[in-house]
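Only one structure is covered here, and it is reproduced in the block below.
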Amino acid sequence: MSVLGEGASPAVAFVTLGCAKNEVDTREMGERLLDAGFAVVDDPARAQAVVVNTCAFIQSAIEESLDAIFDAADLPNVVAGAPLIVAGCMPSRFGDELATELPEARSFLPCSREDDIAEVVSRALGLGGLPSGAPWRQPLGCGLEGESPAGAPFAYVKISDGCDRRCSFCTIPDIRGPYRSFSVETVARDVARQVERGAREIVLIAQDTGCYGHDLDEPTTLAALLDRVAAAHPDVWFRVMYTEPDGITDELLDVVAGRDNVCSYFDIPLQHVSATVLRSMRRRGDAEAFRALVGRIRSSVPGATLRTTLIAGFPGETDEQFQELCDFVAEGLFDYVGVFAYSAEEGTAAASLPGQLDEDEKRERAQAVRDVADAVCTAKVAERVGSVCEVLVEGYEEDGQLYGRARCQAPEVDGVVYLESGEVGQFASVRIADTLLYEMESE
């Protein structure tokens, strides 16, 4: 097919799988394409090139990414010749073997080369160079098609990439490489850019936010970074996700407690509470240490909201260790609990451990922990009935229902607040009248 009309801007569309960190990567790749003179469109069927930004953290994510790749390959424009580019975690994890397994793709772009997206797309389109001298060139940061001029009500900002922890179940160090903090200036610029576009909440993310800054030429901390950006934008909410237990420092607690615009919200992946299982995971801590951590947080930041993630069915997990996990969740120390069935990933140390449980047993254990979590966590949500809270108005459901999020709700994972009135992108003070599971309804 002819990919370009005379004088037309070559259009690229993204399909993004996985977590918020991948969403940020897609946004940054889109901005590089815009800066180079490409257009970025929402509909893959309208594009001259399609980029599928994949996730490969666990097997289910790989399968979802493959489905997205095959769906993209079946688009009429791709069938007719528009190049399909596979980016992100799958090329990083599987390397050269992916080209053999996925002949549908024209090019592969691992995480480490995503800065080269414009050159890769240009070669795939046969342009012979970047179109940056064209009269329709768009400047960096102008926004992607489909965004309002003011931008979205919230934005994710990555503060680092990679991970050094080498947990026995995790593929991230192989996919993303070693931990690399982005400079304070880089993060501050990204925050300012998102605020300029209209973001009223900034969510700082990384594989491990608590490690931020230790590797910089002038070492710093997550707390110092958070304090700086929160001070620079006092009318914007700030939230931190993915902070390991040892990243919850007294300095961080002081910043969260001392800054009105920093959400009193802590996302702390524990993964398990049995000391034996945690050592097998190559992690530290135990139930007693985690109880003490929760106590320290709640003492320093009264009213704090706590989220965690847990893995059920890890190799060698005994009935007693599984029950210890359920009992810990039942204590109601956390407001939100995400639960995953263990996934044996090729190349990880845990995949070769003895005591592997069958898939049905892992699923059943994960569901049992979810059931306990739902019982205690939805009860904690219901305790908010009658309280007054500030809500960021986010948008409308398909049926026209207006909704937003309170400070106790992180984007996309903790439910929403349904509203009677409000303006998208603004804050509203509301009284909670009712709850349904994790959702809240205002008067």
Side-chain angles (χ1 to χ4, degrees), residues 19 21 56-59 61 93 160-181 205-212 214-215 222 240-249 252 266-297 306-329 331 333-334 336-357 362 365-366 369-370 372-373:
C19 65
K21 293 179 282 292
F57 180 51
I58 57 177
Q59 185 59 36
R93 181 172 177 183
S160 70
D161 206 356
C163 186
D164 292 335
R165 288 187 183 270
R166 290 286 174 181
C167 299
S168 65
F169 56 82
C170 188
T171 58
I172 292 298
D174 293 328
I175 293 172
R176 294 281 180 173
Y179 197 91
R180 304 177 305 283
S181 298
I205 58 173
Q207 273 74 35
D208 185 352
T209 51
C211 279
Y212 178 79
H214 76 278
D215 57 329
L222 170 63
V240 180
M241 304 291 286
Y242 314 121
T243 308
E244 293 286 346
D246 57 9
I248 307 297
T249 64
L252 179 63
F266 297 87
D267 174 36
I268 313 167
L270 300 183
Q271 310 304 1
H272 212 281
V273 300
S274 162
T276 301
V277 174
L278 286 165
R279 300 308 171 270
S280 186
M281 290 179 169
R282 297 180 181 171
R283 294 176 63 85
R284 290 175 282 184
D286 56 29
E288 182 177 358
F290 297 151
R291 291 186 188 100
L293 173 62
V294 170
R296 184 163 64 91
I297 293 171
L306 274 64
R307 159 173 277 278
T308 192
T309 52
L310 302 168
I311 296 173
F314 193 77
E317 181 188 66
T318 65
D319 291 343
E320 291 77 12
Q321 291 160 349
F322 168 66
Q323 189 59 51
E324 183 182 6
L325 183 63
C326 291
D327 291 344
F328 181 87
V329 173
E331 294 177 29
L333 299 175
F334 286 81
Y336 301 101
V337 179
V339 185
F340 299 90
Y342 167 72
S343 178
E345 297 302 313
E346 182 181 356
T348 62
S352 59
L353 288 174
Q356 301 281 335
L357 304 180
K362 290 188 288 187
R365 290 192 178 195
V369 180
R370 287 190 197 103
V372 175

Looking at side-chain heavy atoms only, is the closest gap between Val329 and Val369 below 4.5 Å? yes
Beyond-backbone contact of Phe57 with Ser343, side-chain heavy atoms, under 4.5 angstrom: no
Any donor-acceptor N/O pair, Thr209 side chain to Tyr242 backbone, under 3.5 Å: yes
For Thr171 versus Ala56, what's the shortest heavy-atom pair and its separation? OG1-O, 3.8 Å
Arg296 side chain vs Ile248 backbone, donor-acceptor pair below 3.5 Å: yes
Minimal non-hydrogen separation, Pro269 against Thr309, with atom names: CB-OG1, 3.3 Å
Compare every heavy atom of Gln207 with every heavy atom of Gly162, then report the nearest pair and how far apart it is. N-OE1, 3.2 Å
Answer yes or no: is there a side-chain heavy-atom contact under 4.5 Å between Ile268 and Ile297? yes
Does Asp161 reach the main-chain N or O of Arg180 with its side chain, forming a donor-acceptor pair under 3.5 Å? no
Atom CG in Leu306, atom CZ in Phe334: separation rounded to 0.5 Å? 5.0 Å
I'd like to know if the side chain of Glu324 and the backbone of Glu320 have a donor-acceptor N/O pair within less than 3.5 Å. no
If the plane angle is over 60° it's perpendicular, under 30° parallel, otherwise tilted; pick one for His214 and Tyr179. tilted
Rounded distance [0.5 Å steps], CD in Glu346 versus OG1 in Thr348: 9.0 Å
When every non-hydrogen atom of Arg282 is compared with those of Ala349, the smallest separation belongs to NH2-CB, 3.3 Å
Taking Thr308 for the side chain and Leu270 for the main chain, is one N or O donor matched with an acceptor at less than 3.5 Å? yes
Parallel under 30°, tilted from 30 to 60°, perpendicular over 60°: which one fits the rings of Phe328 and Phe290? perpendicular
What I'd like to find out is whether the side chain of Arg284 reaches to under 4.5 Å of the side chain of Arg165, using heavy atoms alone. yes
State the SG-CZ distance between Cys170 and Arg176, to the nearest 0.5 angstrom. 11.5 Å
Rounding to 0.5 Å, atoms CZ (Phe314) and CE (Met281) come to a distance of 5.0 Å
Restricting to non-hydrogen atoms, name the atom on Ile172 and the atom on Cys163 that form the minimum distance, rounded to 0.1 Å. CG2-CB, 4.1 Å
Salt bridge between Arg365 and Asp319, side-chain N to carboxylate O under 4.0 Å? yes
Within-4.5 Å side-chain heavy-atom neighbours: Asp164 and Cys211: no
Should Arg283 and Glu244 count as side-chain neighbours, where that means a heavy-atom distance under 4.5 Å? yes
Is the closest side-chain heavy-atom distance between Phe169 and Gln271 below 4.5 Å? yes
Donor-acceptor pair, distance only, cut-off 3.5 Å: does the side chain of Lys362 make one with the backbone of Ala341? no
Test: Asp174 and Arg166 ion pair at under 4.0 Å: yes
Is the backbone of Gln59 close enough, under 3.5 Å, to the side chain of Glu345 for a donor and an acceptor to pair up by distance? yes
